[in-house]
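Everything on this sheet refers to the single structure shown next.
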Amino acid sequence: MTNLVYLVPLFPLIGFLINGIGWRKMPKSAGGAIGSIAILASFIVSLGIFFEVKSTGATTIVHLFDFIQSGKLYIPFSFQVDALSSLFLLIITGIGFLIHVYSTSYMHDDEGMVKYFAFLNLFVFSMLLLVLGANYLIMFIGWEGVGLCSYLLIGFWFKNRDYTNAAKKAFIMNRIGDLGFLVGMLMILFHFGTLTYADFFNNLHNSDVAISNNMYNWIAICLFIGAMGKSAQIPLYTWLPDAMAGPTPVSALIHAATMVTAGIYMIARSSALYNLAPLAQNLVGIIGLATAILAASIAIKQYDIKKVLAYSTVSQLGFMFLALGMGAYTTAVFHVMTHAFFKALLFLGSGSVIHAMGGEQDIRKMGGLNKHMRITGITFLIGCLAIAGIPGFSGFFSKDEILAATYAHSPVMYYLALGAALMTAFYMFRLYFLTFTGSFRGTEEQHHHLHESPAAMTIPLIVLAFFAIVGGYVGLPPVISEHHSLNSFLRSVVSNFGEHELSHATEWMLMGLSSGLVIITIIIAYAVNKKPNFAPNTGLAKTLENKWYVDELYDAVIVNPLQKLSGLLDRFAERMGIDGLVNGVGKIVRWGSDRVRLLQSGQVGFYIFVMVIGMTLLFAISFFWIQ
Amino acid sequence: MILTLLILVPLIAGIFSFIAKDGAKGLALISSLVTLGLAAYISMAANTASLSWTMQWIPRLGAQLSFQADGMSAMLCLLTAIIMPVIFISNWNKEVEKPGAFYGLMLLSQAGITGVFLAYDALLFYFFWELALIPVYFLCSRWGGEKRIPVTFKFFVYTFVGSLMMLSALIYLSLQNTGVSAYSWQNIVRAGASLPAVQQQFLFWLIFIAFAVKMPIFPFHTWQPDTYEQSPTPVTIILSALMVKMGMFGVIRWLMPVLPAGVAFWSNTIIILSVIGIIYASLIAIVQTDLKRLVAYSSIAHMGLMSAAAFAQTNVGLHGLMVQMFNHGINITGMWLIVSMVEQRWGTRDMGKLGGMAITAPKMAIALVIISLANVALPLTNGFIGEFMLFNGLFESASPYHITFMVVAGLGIILGAVYTLNMVQKTAYGNATAMTTGGDITANEYVGLAIVIGLILVLGIYPKPLLDMTAGFANMMIP
Amino acid sequence: MKAIIATTVFGIVLMFAGLVAKEKRSISTLAIVLLVALLGVNIWDLVTTPATAPQSFFNNMLRIDRYALWFNTLMTGCTVLYALLVGKDIEKVGVHVAEYFALIFFILCGVYLLTSYNNMLMLFLGIEILSIPQYILAGSDKRNLKSSEAALKYFLMGSFSTGILLMGITLLYGATGTFNIVGFSFLQSDLVNPLAIAGILFLMIALGFKVSAAPMHTWTPDVYDGAPTPFTAYMATVVKASAFLAFMRLFSVSFGSLSSHWMMLLAIITAATLLVGNLTAVFQQSVKRMLAYSSIAQAGFMLFAVLAVNATAWQGMLIYAVAYSVATIGMFAVLLKMKDYTYDGFNGLAKKEPVLAFFTTIFILSLAGIPLTGGFMAKYFVLLAAVEQGQLFWLVIFGLLMAAISAYYYFRVIIAMYFKQGNAELNEEVTGTDKFWLAVTCVLVVLIGTVPQLFLNNI
Amino acid sequence: MPIQYYLFLSMALFCIGIMGTLMRRNAIIILMCIEMMLNAVNLLLVAFSKMYNDPSAQIFVFFIMVVAAAEVAVGLAIIVMMYRKVHSVDINILNRLKH
Amino acid sequence: MGIYEVLFWFLTVMAISCALGVILSRNPVNSVLFLIATFFAVSGHYILLNAQFLAIVNIIVYAGAIMVLFLFVIMLMNLNADTEPQKNRLVQLAGVISGGALFLVVLAAFRTTTVSVLEQSATDIGLIKNLGKTLFTQFVLPFEISSVLFLSAMIGAIVIGKKE
């Protein structure tokens with residue numbers, strides 16, 4: 001089965017090509033069907049691969065063709081199938097399929113639906129390349145490919161300038177990260193002469209290649225910069241909230257479940273490197289934690305349903321990086337998986353809400369939707385419970401593992417992370433209460449239109465809700481079960497670093513603490529939002545509503561100065577400076593010509609005079625200077 | 001002999017098309033297709049052994065009519081031979097004034113450019129160098145925009161000064177030799193390499209300025225945006241896709257092996273200039289509102305990267321440069337085709353007035369997006385392979401600042417994304433305000449764009465043929 | 001030697017023909033026939049002279065080598081071309097057509113003397129024989145005050161420079177005791193007699209005057225501008241080229257060993273010439289006057305050959321002389337067709353007379369030194385010679401920069417013809433014959449530019 | 001008598017001639033000054049001829065006279081032609097050709 | 001100081017002062033007369049230098065023929081002192097200075113010349129017989145060629161001088 005791995009990306013590619021070429025002529029339903037079936041096919045193959053890998057535990061490399069070969073530089077186009085990639089395959093194709101199905105209904109009224117499916121398929125294709133690549137360059141191809149699809153899909157409604165701006169911002173911020181990734185790759189190439197994972201990781205321990213510890217750190221940091229961009233970490237996170245401009249299923253798939261977790265995948269993939277680079281690892285943890293807190297704090301005061309989810313995603317990604325920073329790679333992957341379920345669920349749920357509200361996204365205008373959309377309401381609640389970390393739901397297990405790992409590493413960070421987790425619970429339930437409970441605050445017309453979404457949308461919700469509940473049982477904490485099935489599955493590929501075995505008592509204590517606090521927080525959230533008050537925010541709240549003014553800060557510090565600098569360069573350095581200089585030479589020649597020609601006075605006496613002067617000078621030079 | 005045919009076919013066809021008047025269009029197309037066939041044959045043949053052809057020319061000077069095609073020459077000839085039919089096809093239904101002269105001059109410049117790539121004799125090289133320039137000068141000045149006369153004249157004088165400086169250096173070098181092949185590449189190389197370092201350092205600039213102007217390298221670039229802006233698009237394509245390669249080609253063929261000590265001495269300086277040029281041109285591109293100027297500055301930025309990598313003097317960088325020269329030629333051709341279609345349909349190149357191409361001309365918009373993505377070197381487009389190798393080469397250079405160079409040059413890919421996406425946003429996206437009239441691409445334009453986009457994708461996914469074609473050359477230059 | 005006799009005789013024949021022939025047309029036809037005959041004589045001379053050592057005539061007064069013969073032949077050829085192209089226009093200058101042609105034959109006599117003189121006296125006579133007819137030709141359009149002015153200016157300055165030439169010759173004689181240019185013996189190689197140095201300087205200035213090197217160039221624009229255009233064409237080409245050959249012969253053959261004493265000065269003169277010629281030409285409005293300045297600029301390049309004192313320089317001078325003469329004659333032939341000599345007068349010529357415009361372009365490109373034309377090869381050879389000399393690389397670079405400036409004013413003609421709107425008015429119909437001979441000229445220009453070996457094989 | 005004396009005398013005459021051409025506006029006087037320069041040359045040649053005891057210098061002087069005569073003939077013709085047109089022999093009157 | 005020196009200095013002073021007279025006198029006729037005097041002084045020098053034939057020729061050709069031609073022309077044009085406009089002082093001064101500077105520079109250059117002293121002894125090279133022999137043997141070509149010069153001068157005089 002693993003030998004057929006090329007089929008996995010091939011199906012979405014075929015789907016993309018069919019939809020892409022026929023996007024103007026094909027019927028919408030056909031486009032949706034082709035797109036979904038392509039992913040389903042991939043999913044089936046992926047399942048087969050997954051189980052094969054699970055049973056054998058082997059790592060297979062499938063060589064397709066030579067991509068770049070130049071001197072010492074050799075980069076094959078090959079796929080690597082192992083535990084990590086097969087798990088991601090499942091997440092991508094599985095959730096991808098659900099979201100495709102969901103989209104067939106969600107996008108049904110859009111004229112560009114076939115194009116939409118083409119892009120979506122292309123995205124899945126790129127994402128699969130990313131996780132399947134057997135070397136960093138193939139990963140990079142997928143890496144940039146998903147960035148492209150994200151760009152295309154954020155700007156899907158291209159007539160709106162704000163949307164296309166958001167798309168552009170996403171692409172450019174990703175590019176900043178990509179530069180880091182690129183530099184990291186070049187460093188690896190420079191020092192190890194290869195980009196292939198297997199060779200690279202083998203050589204890491206090889207004493208022949210003696211490089212300083214510093215260099216490991218640098219390489220790791222460069223790669224992490226790439227992850228920052230893709231996975232929306234400080235300081236490159238601002239694109240992700242803006243990316244909500246795209247259709248909601250896109251947000252669910254790309255900006256929650258899959259693409260943004262690429263950074264986590266990459267670092268988990270490079271765990272061997274990070275294990276050698278403690279400095280970089282600490283940086284990852286700190287950045288992750290800071291992002292988790294910052295994004296959570298912003299989410300508290302957002303009013304756009306998708307924005308809240310977006311910041312929540314950023315925050316959750318922060319948690320994942322925190323885990324990575326603690327050396328708990330499998331935990332991060334675990335959280336990726338659970339997060340994929342519940343965040344996709346939440347986004348699709350919000351999509352269902354938006355669908356029902358006729359495009360309205362402001363939660364101040366919602367409320368009491370539970371009455372009209374039961375399935376959406378319930379599944380959304382499940383999502384909230386999962387993300388908040390209520391015991392029994394998937395999020396609880398993965399988040400708890402992160403917190404435990406953090407506690408083992410540094411209690412201070414644990415408390416900070418716990419704070420972020422509590423904020424998560426708070427804003428998620430604020431969102432839930434404001435949206436689904438209480439009374440409807442929108443217009444009469446919207447009220448009239450409220451309805452439950454069609455089955456194509458609700459079925460994926462239900463499936464995802466199911467997984468949001470049970471997804472966590474693959475990684476039961478050691479206090480409950482000594483057998484951590486995910487950990488053991490991944491062990492062959494990802495090696496956790498410096499795992500501290502916490503005593504069972506401590507673990508119980510931590511679990512109890514976080515669960516208890518979360519429940520209290522939810523109650524507070526209920527209390528606060530029972531009678532919503534949308535008075536204009538002041539003070540800290542206003543700062544939070546305005547996202548700590550980070551966008552403004554970036555505008556003021558980077559974007560505007562850059563624009564100004566460009567303008568100045570164009571006006572002064574280019575036109576007046578260099579071009580002015582060049583034209584100046586021309587002008588000087590003309591001016592000189594105008595002066596010199598006055599020597600030609602037309603009077604023969606003057607001519608002779610010039611001649612005599614010249615003669616005298618020549619004599620003087622000849623007799624007094626040369627000799 | 002087949003090498004001379006490659007030059008003679010466009011030359012003769014060019015001369016005839018002056019007389020042919022209305023038939024010139026067809027003649028040009030046929031000639032360009034013939035050369036494409038020849039070039040394809042040569043590039044296959046050059047894989048195995050380099051072709052050469054030599055004849056006495058001016059025994060008094062020791063100049064010969066000598067052509068040789070190695071991997072680089074063959075690749076560039078192939079590029080030339082591909083670009084020309086693309087130009088002719090996509091301009092098929094466009095009426096030009098005096099078609100005979102127009103197509104004649106186009107073909108003459110093709111002959112000149114091909115000659116530059118094939119010449120293995122310094123004087124012959126110089127001849128073709130100028131022969132390529134003169135028809136282009138006429139083309140720009142005759143068929144260009146309203147400010148064409150001063151602008152193209154500036155271009156002409158600029159490059160003329162450069163080539164004259166090069167001429168002085170070539171004279172100097174040739175005098176180190178005697179005999180009937182004093183100007184042959186081998187002898188020039190031997191002469192140059194045996195000069196004392198100080199002289200090499202001096203001669204370096206004389207030669208380099210010619211190439212720097214052509215490429216163009218900051219700060220010798222100011223002719224370029226104006227000229228691109230004013231030239232008719234077919235000529236802009238020749239200028240930017242082919243003539244800038246002449247500069248790059250010159251550096252590799254007639255500078256690096258000839259003055260190794262000079263190159264070694266100045267390479268850091270040139271890399272710094274190039275890198276500054278990347279950032280500088282990219283920044284300026286950001287505030288351009290004219291499509292042509294934007295693409296022009298983007299080209300400067302790209303050439304900056306190529307030149308930086310060239311002077312990094314690494315095998316992989318050089319190999320990447322070969323690939324990138326080809327790919328840049330293809331990409332920028334596509335870019336200009338789109339720009340010209342926009343201008344033709346909507347009568348403006350001002351991005352402030354454009355918008356909504358995706359609604360009125362979706363096919364063109366798709367092409368624009370694909371070409372733009374190639375322009376920002378997105379993986380799986382051809383731009384990526386070259387750029388990756390160039391960065392790799394720059395990173396591996398022996399200079400102590402190699403990381404700094406690479407990182408600063410890398411900022412160019414971010415800025416590149418900024419201006420390219422700006423352009424896409426402003427032309428393709430948004431509501432169709434000004435761009436309500438005018439249809440989507442016509443059949444002939446479709447063919448032209450299809451060739452370009454096909455090459456972009458094929459070479460982006462499977463670059464091996466291109467890499468193989470030039471590998472031998474790269475290994476020979478820098479083992 | 002045969003050619004000198006022939007040209008004198010032909011000149012006299014033409015003088016008398018003027019008495020007999022009533023029609024101007026027949027006179028110019030006769031002149032052309034005689035010129036062709038003269039060319040034949042030259043070729044005969046060339047063929048019959050053995051390729052070995054140079055021959056001396058009349059007690060070393062003349063020393064004719066193959067180079068001189070070949071040069072004479074080429075210059076005569078240029079004259080034939082000239083007569084074919086502008087013969088019609090000479091008829092229009094004035095009534096004394098036979099005399100004009102006779103003077104041209106006499107000038108050719110001067111040319112032959114200057115290419116082969118071996119004695120200062122012959123140099124002096126040669127220059128005078130070259131100059132006096134020019135004074136007359138310059139003033140031959142008596143209806144035109146400008147022509148008279150040109151003649152007066154040329155005459156006064158020419159006589160003045162004759163004085164300087166003679167002073168130079170005298171001082172050299174004082175230093176060496178001989179007039180024989182190969183017999184000069186400069187005593188004390190380390191401390192050369194100041195008389196000799198001063199003599200060389202005076203000669204440099206006098207000959208510099210003839211070739212219009214700065215700062216002795218001032219007559220050139222006025223005279224070339226004022227003189228009747230057909231004669232300007234001749235003065236600026238064949239005459240100037242032979243003056244250069246005389247210059248070179250003296251400085252290379254006789255003073256070559258002293259080059260350290262005069263090279264610097266001549267280099268300064270060269271630089272000044274290039275600068276003044278190119279710079280001033282930029283601002284001109286009249287193409288004719290621009291060509292005058294351009295002839296100064298071209299003289300700057302020919303001075304490289306004089307400076308270089310080596311074998312390449314001789315070949316360079318030859319190529320330059322021919323390439324420059326042919327292109328300039330062609331250019332003047334075109335100019336003569338124009339009603340208005342200003343740049344604006346050329347506006348839109350390409351539309352009206354595409355063939356004529358094409359020929360003009362070739363000539364202009366040649367003058368600007370663009371490859372494939374003779375001008376390039378010419379410049380190339382002289383610069384090659386200068387670089388070969390070893391100390392003049394700076395001057396070569398300077399010269400090339402000036403060449404770039406020269407593109408400015410030359411290309412203005414092309415710009416006017418092709419890119420500007422306008423209605424270029426012609427003086428007269430461009431006949432098929434005209435076109436044919438212009439085409440021949442073009443072919444020559446391109447031939448020199450591509451196969452210069454053709455013109456060097458005989459030496 | 002040292003030859004320098006003749007050298008200096010001749011130079012003095014020569015330079016006076018030059019000064020004359022520079023100072024005067026009358027074309028005829030200028031022509032005369034040029035003749036004076038030629039005479040200075042002649043004088044020096046004769047002195048050198050004596051020094052070297054060589055007749056060829058004197059022959060040269062003879063030729064200079066011959067040429068001078070011819071030149072004067074042409075020159076005066078030109079001046080007369082000019083006088084006919086502008087009724088003056090002032091060289092500054094004729095300056096239509098300039099710049 | 002023998003008669004030779006006395007004559008030398010007398011003729012020198014005469015030549016230079018008359019030469020100055022040529023350029024300084026305002027009346028063209030006076031200039032011509034001064035020039036004739038200069039020529040006589042120069043002829044005197046010729047005799048001192050044993051160039052008797054040239055002395056005679058100088059007087060006949062120059063002073064006699066050429067200068068008379070000048071006088072004719074001046075008379076013909078009816079030029080007198082008042083008609084010739086003077087150059088302004090500055091230009092005159094510039095002329096004097098540049099001419100003088102040239103003289104001084106050349107003088108300074110010849111300071112160090114080491115040329116022998118002329119012998120006082122008489123030679124016969126300046127006699128017509130010797131000169132004639134030289135002219136018709138060694139210098140026969142220039143002699144013949146100068147006829148071309150005369151022909152052109154003749155044509156010139158006709159072409160230019162003839163009224164149309």
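Each chain gets a letter, A, B and so on, in the order the sequences are listed, and its residues count up from 1. These values consider heavy atoms only, across backbone and side chains, with no hydrogens, waters or symmetry-generated copies.
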Exercise. Which heavy atom of Ile59(D) sits nearest a heavy atom of Leu131(E), and at what distance?
Worked result: CD1-O, 3.3 Å
For this session: Could you have a look at Ser152(E), Ser98(E), Gly126(E) and say which one has the most heavy-atom pairs with chain D under 4.5 angstrom?
Result: Gly126(E)
Exercise. When rounded to the nearest 0.5 angstrom, what is the spacing between OG1 in Thr134(E) and CD in Gln58(D)?
Worked result: 9.0 Å
For this session: Examine whether an atom of Ser31(E) lies under 4.5 Å from a heavy atom of chain D, and if so say whether it belongs to the side chain, the backbone or both; otherwise answer neither.
Result: both
Problem set entry | Most chain E-contacting option - heavy-atom pairs closer than 4.5 Å, from Asp54(D), Leu13(D), Ile79(D), Asn39(D) | Asn39(D)
Exercise. Do other residues, nucleotides or ligands put more than 12 heavy atoms under 6.0 Å from the OH atom of Tyr5(D)?
Worked result: no
Exercise. With a 4.5 angstrom heavy-atom cut-off, which part of Phe139(E) approaches chain D: side chain, backbone, both or neither?
Worked result: both
Problem set entry | Leu38(D) versus chain E, the contacting section by heavy-atom distance below 4.5 Å | side chain
For this session: Taking all heavy atoms of Cys33(D) and all of Ile23(E), pick out the closest pair and write down the distance.
Result: SG-CG2, 3.7 Å
For this session: Specify which of Ile78(D), Leu76(D), Val80(D) makes the most heavy-atom pairs with chain E at under 4.5 Å.
Result: Leu76(D)
For this session: Would you give the length of the straight line joining atom CG of Leu107(E) to atom CD of Gln4(D), rounded to the nearest 0.5 angstrom?
Result: 10.0 Å
Problem set entry | Between Val61(E), Leu20(E), Leu76(E), the one whose heavy-atom pairs under 4.5 Å with chain D are most numerous | Leu20(E)
Problem set entry | Distance, nearest 0.5 Å, that separates CZ of Phe8(D) from CZ of Phe110(E) | 8.0 Å
Exercise. Looking at CG of Leu49(E) and CG of Leu43(D), how far apart are the two atoms once the value is rounded to the nearest 0.5 Å?
Worked result: 6.5 Å
Exercise. For Ser43(E), is it the side chain, the backbone, both or neither that has a heavy atom under 4.5 Å from a heavy atom of chain D?
Worked result: neither
For this session: Give the member of Lys133(E), Gln138(E), His45(E), Met154(E) that has the highest number of heavy-atom pairs under 4.5 Å with chain D.
Result: His45(E)
Seminar exercise, completed: When every non-hydrogen atom of Phe143(E) is compared with those of Phe63(D), the smallest separation belongs to N-CZ, 3.4 Å
Exercise. Considering only heavy atoms, which portion of Val74(D) lies under 4.5 Å from any heavy atom of chain E: side chain, backbone, both, or neither?
Worked result: side chain
Exercise. Quick one: what part of Met67(E) sits under 4.5 Å from any heavy atom of chain D, side chain, backbone, both or neither?
Worked result: side chain
Problem set entry | Heavy-atom check, side chain of Ile125(E) versus side chain of Asn53(D), under 4.5 Å | yes
Seminar exercise, completed: Max heavy-atom pairs within cutoff under 4.5 Å with chain D, candidates Gly100(E), Ala157(E), Ala19(E), goes to Ala19(E)
For this session: Could you have a look at Asn130(E), Ile97(E), Ile158(E), Leu69(E) and say which one has the most heavy-atom pairs with chain D under 4.5 angstrom?
Result: Leu69(E)
Exercise. In terms of heavy-atom proximity below 4.5 Å to chain D, should Tyr62(E) be classed as side chain, backbone, both, or neither?
Worked result: side chain
Problem set entry | Toward chain E, the part of Asn42(D) with a non-hydrogen atom under 4.5 Å | both
Exercise. Got a sec: does the CD1 of Ile128(E) have more than 12 other heavy atoms crowding it under 6.0 Å?
Worked result: no
Exercise. By a 4.5 Å heavy-atom criterion (distance strictly below it), what part of Ser146(E) contacts chain D: side chain, backbone, both, or neither?
Worked result: side chain
Exercise. Most heavy-atom pairs under 4.5 angstrom with chain E, which of Ala40(D), Ser49(D), Ala12(D), Ala73(D)?
Worked result: Ala12(D)
Exercise. What class does the angle between the rings of Phe8(E) and Tyr6(D) fall in, given that below 30° is parallel, 30 to 60° is tilted and above 60° is perpendicular?
Worked result: perpendicular
Problem set entry | Choice from Met65(D), Met81(D), His87(D), Glu71(D) maximising heavy atom contacts with chain E below 4.5 Å | Met65(D)
Problem set entry | Sole candidate of Asn58(E), Leu54(E), Val57(E) that passes side chain to side chain contact (heavy atoms under 4.5 Å, CB included) when paired with Val61(D) | Leu54(E)
Exercise. So what's closer than 4.5 Å to chain D heavy atoms on Leu24(E): side chain, backbone, both or neither?
Worked result: both
Exercise. In Å, rounded to the nearest 0.5 Å, how long is the span from OG1 of Thr38(E) to CE of Met32(D)?
Worked result: 8.5 Å
Exercise. Which heavy-atom pair separates Ile28(D) from Met77(E) by the least distance, and what is that distance?
Worked result: CD1-SD, 3.9 Å
Exercise. Do you know which of Phe150(E), Phe39(E), Phe70(E) has the most heavy-atom pairs with chain D at a distance under 4.5 angstrom?
Worked result: Phe70(E)
Exercise. Heavy-atom distance under 4.5 Å to chain D: side chain of Val106(E), backbone, both or neither?
Worked result: side chain
Exercise. Which bit of Val67(D) comes within less than 4.5 Å of chain E, counting heavy atoms only: side chain, backbone, both or neither?
Worked result: both
For this session: Could you tell me whether the side chain of Phe103(E) reaches within less than 4.5 Å of the side chain of Met19(D), counting heavy atoms only?
Result: no
For this session: Taking all heavy atoms of Gly99(E) and all of Leu22(D), pick out the closest pair and write down the distance.
Result: N-CD1, 4.5 Å
Problem set entry | Minimal non-hydrogen separation, Val46(D) against Ala51(E), with atom names | CG1-CB, 3.6 Å
